[in-house]
Amino acid sequence: MDSIRELLAREQAGGEVTVRGWLRTARHAKKMSFLEVNDGSCLSGLQLVADSTCDGWEGVVRDLSTGCAIEAVGQLVDSPGQGQRYEVHAQRVELVGGVDDDYPLQKKRHSFEFLRTIAHLRSRTNTLGAVLRVRDEAARAIHDFFYQEGFIQLHAPVITLSDAEGAGEMFRVSSLDPADCPRTEAGTTDWSADFFGAPTYLTVSGQLEAEIAALSHRRVYTFGPTFRAENSNTSRHLAEFWMVEPEVAFCELNGLAALAEEFLKSVFGRVRDRCEEDLAFFNQRIDDQVLSTLSHVIEEPFGRITYAEAVQILQESGQEFDFPVEWGVDLQSEHERFLTEEYFGRPLIVTDYPRGIKAFYMYLNDDGRTVGAMDVLVPRIGEIIGGSQREHRLDVLRDRLAEQSLPEEHYWWYLDLRRYGSVPHAGFGLGFERLVQFMTGMTNIRDVIPFPRVPGNAGF
RNA sequence: UCCCCGGUAGCUCAGCUGGUAGAGCAGGCGGCUGUUAACCGCCUUGUCGUAGGUUCAAGUCCUACCCGGGGAGCCA
C-alpha cells in the first residue's frame, strides 16, 4: 500500500494502486462519483473516480460522505481535470468506517477556536494536518542538527526537587491524598511522608541537568516537555510545552550566539526543503509573510547588539512606547518587536543584560554590572531563544546565590560542578512551539501543539 | 492576573432606536454535470452563554458570573 504522498510523487501514471484514507469530499453525479481522499502523508488529497463498473458502486460509493474511512483499489492515471496531476480510476471501493450524520468537520473553513473543542478530529483538517507534519519535520531537523554537530541527547528528568531558576510557578507532583494527607506537628502537610520523601514538581527546565552532562560530554542537549503553572492566558504560552536546550562546555557567549544562529538557519532550511507544499499552504492561507520570513532567517546574518546598544537605539528612535526605556529595566515586548521588526527587519541577538534582571547562574561580566546573557529576537514572535554563558567560578556563583537569597544547600551539586573540573560553558533554551509558530505563521500557540494544556483546560 | 471585544441553528454569522428569530454552509430527499470548498430545488434544526433585574413586552437595556478571542504582565 502506498501513501498518497508517494503516489503523487511518481514519475508517471500507470499500474494498480491501493489507497487508504479519509474522505474530504464526495461529489456524486448521476453516472460517476468523485472522491477526494486524504491520508495525512501530505496536504494534497488523491481524487478517486468511480462509475457503475466499480465494485461497490451500489451500497458503498453512492453513500459515501465527508469523513468516511475507505480503502480503494484502482489504476493510477493522468487526470484530465484541472487541479491534480494524477487520479485513480477505482475498480473497488470498500467502506472501512462510516460516519454518523453529525460529523462536525465540514468542507467549509472552521474557526480555530471551534477546532480546539474537537481536538480529536482537527488533525484531519488541512491546517492542523500541515502543522503536525511541519512540527514533525522540525523536531527531526533539531535532532539531526545536534547529531551532526557532535552533540549527544540527554534525557532530563521530568520530576524534580526544586526550581531551576526561582522563576515561574511549578506543578506539584504528589501521591498523597489531598483530602487526607499526613500532617506535621505544626499542622502543615508532611511532605516527608510523600512518595519521594520531599516536595517534588514537574520540571520547568532541563538546564541544570544538561550542565551536568556538558561537564562530562562537552556538547549535549535536551528536548522534552517542560511545565509552567503560570496563569498565563496568551497566544504564546502553554502550561506544557517542549523545550530544546543545548549546553556546551568550553564555550563562551560568542560561541553560543554563533551556535544559536547556525542552529536556526539549519532547522529552518531543512523545513523549507522538506515541507514545501505545507509552507506554501501556510503562506497562502495563514500569513503571506511565511516564506519571505523563512528566507530572511536562512540567508541573512542575524543582527548582533548589546543590551546597552539596544537601549540607546530605542531611546533615540523617536518612537512612543507604553513603557519608557532606560538602562537597567528589562526590554518589553513592544521594544523587542520594534528592534527586530522595524529597526533591523531580521532576527536579532541581544547580549549582555544588566545583572539585576537576569538569573543567578549567568556569567558575571568584567564590568560587574552586566551578565553574559543572550536573547534571540525574531519578527512577529519576539523572544524565541534565551540563553547565557553560565557562571563557572565558585566564589562568584556563591555571591550571586546570596544576592538573590537562594539557599546554597538546594544547589549543593550545582556548586560541586564548580569545585570539580569547572570550565566555561554556555547554553540556551528554545520554546519548540514558538519555533513552529514562527515557521507556520499560526497566531495561536494552542494550534501548533496537538493537545494544548492551558489554564482551565487539559482536555483530550 | 489586568484591560478591551465577543457568546444567536451542528458550523460561520445577520438581527437597526426593546414588539416575540433569519441567511449561507452542514444534514435529509430529489435532480443534474469530468466534478474541484461542484451546482439547482425542496425539507429539517434554536432553553438567543448562565442567573437575576427593569418593562405591558428583553436576543436587544442593567448587574453578577461562566466561557472564548485580542492585547499586557510572567516567560519559552
Side-chain angles (χ1 to χ4, degrees), chain A residues 23-36 44-51 63 65-67 77-84 87 89 99-118 121 125-126 164-169 203-207 223-245 285 321-323 330-334 336-337 357-359 375-378 381-387 428-438 443-449 454-457:
Chain A
L23 291 188
R24 285 296 172 77
T25 70
R27 293 182 287 272
H28 299 292
K30 191 170 193 178
K31 294 178 179 168
M32 50 177 47
S33 288
F34 298 91
L35 311 172
E36 193 187 325
S44 296
L46 184 61
Q47 175 163 275
L48 301 181
V49 186
D51 60 21
D63 297 323
S65 60
T66 301
V77 301
D78 290 312
S79 176
Q82 301 214 327
Q84 62 277 321
E87 63 186 24
H89 284 183
V99 295
D100 290 352
D101 62 15
D102 58 353
Y103 185 61
L105 286 175
Q106 303 172 183
K107 292 171 247 186
K108 214 176 61 171
R109 197 195 144 85
H110 290 288
S111 67
F112 291 124
E113 295 79 46
F114 171 67
L115 291 176
R116 273 173 227 146
T117 69
I118 51 168
L121 296 172
T125 64
N126 282 337
E165 41 190 293
E169 292 294 311
T203 185
V204 296
S205 165
Q207 180 197 318
F223 186 177
T226 50
F227 308 86
R228 304 281 164 88
E230 295 287 348
N231 189 12
S232 296
N233 292 289
T234 82
S235 55
R236 302 181 309 284
H237 290 85
L238 292 165
E240 175 180 307
F241 64 101
W242 287 66
M243 190 145 67
V244 179
E245 295 177 286
R285 301 291 280 276
F321 292 114
D322 293 337
F323 295 87
D330 209 355
L331 299 180
Q332 302 289 316
S333 292
E334 57 174 345
E336 295 179 343
R337 295 192 63 163
I357 58 173
K358 290 292 183 180
D375 283 354
V376 180
L377 311 178
V378 293
I381 301 283
E383 183 186 334
I384 193 169
I385 281 179
F428 66 74
L430 165 86
F432 183 59
E433 282 74 21
R434 289 191 181 169
L435 180 78
V436 179
Q437 257 192 295
F438 185 60
T443 52
N444 197 309
I445 201 165
R446 299 167 194 204
D447 300 322
V448 298
I449 186 167
V454 295
N457 200 342

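Keep in mind that this is a model prediction, so the values were computed, not measured. Sequence lines set the chain letters: A, B, ... in the order given, protein chains first and strands last, and positions in each chain run from 1.
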Would you mind classifying the nucleic acid contact of [X] as base, sugar-phosphate or nothing, using non-hydrogen atoms under 4.0 angstrom?
X: Glu433(A); result: nothing
X: His237(A); result: base
X: Glu336(A); result: nothing
X: Glu334(A); result: nothing
X: Gly81(A); result: base
X: Glu36(A); result: nothing
X: Ser232(A); result: base
X: Arg116(A); result: sugar-phosphate
X: Phe241(A); result: base
X: Pro80(A); result: base

Suppose we define a pair by two distances each less than 3.5 Å, Watson-Crick or G-U wobble; what does [N] pair with here?
N: rA23(B); answer: rU12(B)
N: rG34(B); answer: none
N: rG6(B); answer: rC67(B)
N: rC74(B); answer: none
N: rC42(B); answer: rG28(B)

Earlier contact from the 5' end, RNA chain B, for Ala26(A) and Ser333(A):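 In this pair, the answer is Ala26(A).
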query: For the side-chain contact (heavy atoms from CB on, under 4.5 Å) test, which of Leu46(A), Thr25(A), Leu23(A) pairs with Glu36(A)?
result: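 Result for side-chain contact (heavy atoms from CB on, under 4.5 Å) with Glu36(A): Thr25(A).
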message: Which residue is it: Thr443(A), Thr125(A), Asp447(A)? I am looking for the one with a side-chain contact (heavy atoms from CB on, under 4.5 Å) to Phe112(A).
response: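 Exactly one candidate clears the test, Asp447(A).
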Nucleotide nearest [X] (side chain, heavy atoms from C-beta), chosen from [options]:
X: Phe34(A); options: rA72(B), rU35(B), rU1(B); answer: rU35(B)
X: Arg228(A); options: rU35(B), rG69(B), rC75(B); answer: rC75(B)
X: Val49(A); options: rU1(B), rA76(B), rG34(B); answer: rG34(B)
X: Phe114(A); options: rA37(B), rA72(B), rC11(B); answer: rC11(B)
X: Gln47(A); options: rG69(B), rA72(B), rU35(B); answer: rU35(B)

Quickly work out the [X] [atom1] to [N] [atom2] distance and round it to whole Å.
X: Met32(A); N: rA38(B); atom1: CE; atom2: P; answer: 17 Å
X: Glu169(A); N: rU1(B); atom1: CD; atom2: P; answer: 12 Å
X: Leu115(A); N: rU12(B); atom1: CG; atom2: P; answer: 9 Å
X: Asn233(A); N: rC66(B); atom1: CG; atom2: P; answer: 13 Å
X: Leu121(A); N: rC11(B); atom1: CG; atom2: P; answer: 13 Å
X: Asp330(A); N: rA76(B); atom1: CG; atom2: P; answer: 10 Å
X: Glu383(A); N: rG73(B); atom1: CD; atom2: P; answer: 12 Å
X: Asp322(A); N: rC3(B); atom1: CG; atom2: C1'; answer: 12 Å

Identify all pairs in which a protein N or O lies below 3.5 Å from an N or O of nucleotides 22-31 of chain B, and state each distance.
unit_1: rG24(B); atom_1: N2; unit_2: Lys108(A); atom_2: NZ; d: 2.4

Just by distance, with hydrogens left out, do [X] and [Y] show a side-chain donor and acceptor under 3.5 Å apart?
X: Thr226(A); Y: Arg228(A); answer: no
X: Arg337(A); Y: Gln332(A); answer: no
X: Arg236(A); Y: Asn444(A); answer: no
X: Gln106(A); Y: Thr66(A); answer: no

Phosphate contact ([N] OP1 or OP2) by [X] side-chain N/O below 4.0 Å:
X: Ser111(A); N: rU12(B); result: yes
X: Gln332(A); N: rA72(B); result: no
X: Ser235(A); N: rG69(B); result: no
X: Arg27(A); N: rA38(B); result: yes
X: Arg236(A); N: rC74(B); result: no
X: Asn444(A); N: rG70(B); result: yes

message: Can a donor-acceptor pair be found, under 3.5 Å and without considering hydrogens, that links the side chain of Glu433(A) to the backbone of Leu238(A)?
response: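 No; judged by distance alone, with no hydrogens or angles, the pair does not exist.
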Separation between the [atom1] atoms of [N] and [M], rounded to whole Å:
N: rU63(B); M: rC29(B); atom1: P; result: 49 Å
N: rC48(B); M: rA14(B); atom1: C1'; result: 13 Å
N: rG27(B); M: rA9(B); atom1: C1'; result: 12 Å
N: rA37(B); M: rC25(B); atom1: C1'; result: 10 Å
N: rC65(B); M: rC2(B); atom1: P; result: 10 Å
N: rC61(B); M: rC43(B); atom1: C1'; result: 38 Å
N: rC4(B); M: rC42(B); atom1: P; result: 47 Å
N: rC67(B); M: rG49(B); atom1: C1'; result: 7 Å

- prompt: Nearest 0.5 Å, what's the CD-CZ distance between Gln47(A) and Arg24(A)?
  reply: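 If I round to the nearest 0.5 Å, the distance is 14.5 Å.
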- prompt: Can a salt bridge be assigned to the pair Lys358(A) and Asp375(A) using a cut-off of 4.0 Å between side-chain N and carboxylate O?
  reply: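 A salt bridge links Lys358(A) with Asp375(A).
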field: Trace of the side-chain contact (heavy atoms from CB on, under 4.5 Å) decision for His237(A) with Ile445(A)
entry: CA-CA 7 Å; His237(A) 290 85; Ile445(A) 201 165; 5.7 Å; no
message: Does Glu230(A) contact rG73(B) through a side-chain donor or acceptor facing the base, at a distance under 3.5 Å?
response: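 Such a pair does not exist between side chain and base.
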Find every protein N or O atom lying less than 3.5 Å from an N or O atom of nucleotides 42-46 of chain B, and list the pairs.
none

task: Indicate, with yes or no, if the rings of Phe241(A) and Phe432(A) have centres closer together than 6.0 Å.
output: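 Distance test on ring centres: not under 6.0 Å, no.
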query: Under the side-chain contact (heavy atoms from CB on, under 4.5 Å) criterion, do Ser33(A) and Arg27(A) qualify, and how do the steps go?
result: CA-CA 6 Å; Ser33(A) 288; Arg27(A) 293 182 287 272; over 6 Å; no
